[in-house]
Amino acid sequence: MSNFNVAYIWTAIDRMSPTLSRMSKQMDATRDRVSGFRDSMKNIGGVVKDTGEAMTKYVSAPLMAAGAAALYEAAKFDDLERSLKYVTGSAASAKAMFGSLLELEARTPFDIVPLTTAAKTLSAYGMAAASIQPTLLKLGDVAVGSGAGIDELARAYGRVAMRGRMTGREMMMFTQMQIPLIKTLAEQMHLPQAAIAQMAQKGMISAAMVDRALASMSAAGGRYHGAMADKMNSMGVATSKLKDSLEKMAAAMGRIIRQAVPIIPTLQGITRHIEAMTRSMEQFATVHPVLA
């Protein structure tokens, strides 16, 4: 019985030898591939390390030294100014308009972002650049008193100014902003409000009539007279204006830093390097035997 068992075992080993040999070769090949993959990943790791060192040297250190907040504020203000170029037609005009908006921001409760939006809206409706700041100042009390956004009010006012008259659509816009334009027009014209609404639907309310009605709301004795000045003395606006001043100072510092340190070219160069490394890694993954 034992002889049979020994013979059986040797026969089985003999028959399995080719298979075991192939398995051994496959294991060796797999080990080599894994080893190659490991070495390749080490190389990639070296590149990543080098990139990290480069980023620390050329990006992180300058940003930390210069102040990321200063660069951020400079970029924000630059973007706002640049957006005006596409409605004014030139960088010089955009710079001048943005300067006037910053002055207006300092004198009113409004932030620079809605003021810039309002200026672009009025410009898009055909208003001359020189008229934009006075118009926004004229609309300021109405916007603050009614709670409407200065950019929303500029949109409705700009539509009326462009058309030369108020239609039912603009009348609805003023009503939705809770500005009692229809009531004010009715008081000035000694007509029922329903009659004013009908006149608006027929396009019989001129831009000059709307102008007079809005001006009367801000004039002495008007419902919104002094609304901007009153709000400027509130704690909320005082805090907001302090924040605005700090942002302006940071933006000025950021522009100075950007001129002294080549931040933008460095960031662009690092970005291109990372993108190239990403493509190389993707190509490596598609051709490597272990990952394929």
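Just so it is clear, the values below take in all heavy atoms, side chains as well, and ignore hydrogens, waters and symmetry mates. By convention here, the first residue in the shown sequence is residue 1.
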Next on the checklist: Please tell me whether Y125 and V87 are part of a single hydrophobic cluster in this structure, the criterion being side-chain heavy atoms less than 4.5 Å apart.
Outcome noted: no
Checklist entry - Can you tell me if K241 uses its side chain to pair, donor with acceptor, with the backbone of M232 under 3.5 Å? => result no
Checklist entry - Are any non-hydrogen side-chain atoms of S123 and K120 less than 4.5 angstrom apart? => result no
Item to check | L80 side chain reached by F98 side chain, heavy atoms, under 4.5 Å | outcome: yes
Checklist entry - Restricting to pairs with a member in residues 164-173, which pass salt bridge (Lys or Arg N to Asp or Glu O under 4.0 Å), not counting sequence neighbours? => result R159-E170, R163-E170
Checklist entry - Does the side chain of F110 come within less than 4.5 Å of M228's, by heavy atoms? => result yes
Checklist entry - Can you tell if the side chain of L104 reaches within under 4.5 Å of the side chain of L115, non-hydrogen atoms only? => result yes
Checklist entry - Can you list every pair that meets salt bridge (Lys or Arg N to Asp or Glu O under 4.0 Å) and has a residue in residues 208-218, with sequence neighbours left out? => result K138-D211
Checklist entry - Hey, are the side chains of I205 and V160 touching, using non-hydrogen atoms and a 4.5 Å cut-off? => result no
Checklist entry - Does a side-chain heavy-atom distance below 4.5 Å link I112 with D244? => result no
Checklist outcome for this item: Sorted by chain and number, sequence neighbours left out, salt bridge (charged side-chain N to carboxylate O under 4.0 Å, His left out) with K85 holds for none
Checklist entry - Under a 4.5 Å side-chain heavy-atom rule over Ile, Leu, Val, Met, Phe, Trp and Tyr, are M162 and L139 clustered together? => result no
Checklist entry - Can you tell me if T88 uses its side chain to pair, donor with acceptor, with the backbone of L84 under 3.5 Å? => result yes
Checklist outcome for this item: Sorted by chain and number, sequence neighbours left out, side-chain contact (heavy atoms from CB on, under 4.5 Å) with K76 holds for E73, E247
Item to check | Residue pair Q133 / S100, side-chain heavy-atom distance below 4.5 Å | outcome: yes
Under 3.5 Å, which donor-acceptor pairs do the side chains of residues 172-191 form with other protein atoms, sequence neighbours left out?
unit_1	atom_1	unit_2	atom_2	d
T175	OG1	M171	O	2.9
T184	OG1	P180	O	2.8
Q188	NE2	S216	OG	3.2

Next on the checklist: Which residues pass the side chain to side chain donor-acceptor pair (under 3.5 Å) test with R82, not counting sequence neighbours?
Outcome noted: D79
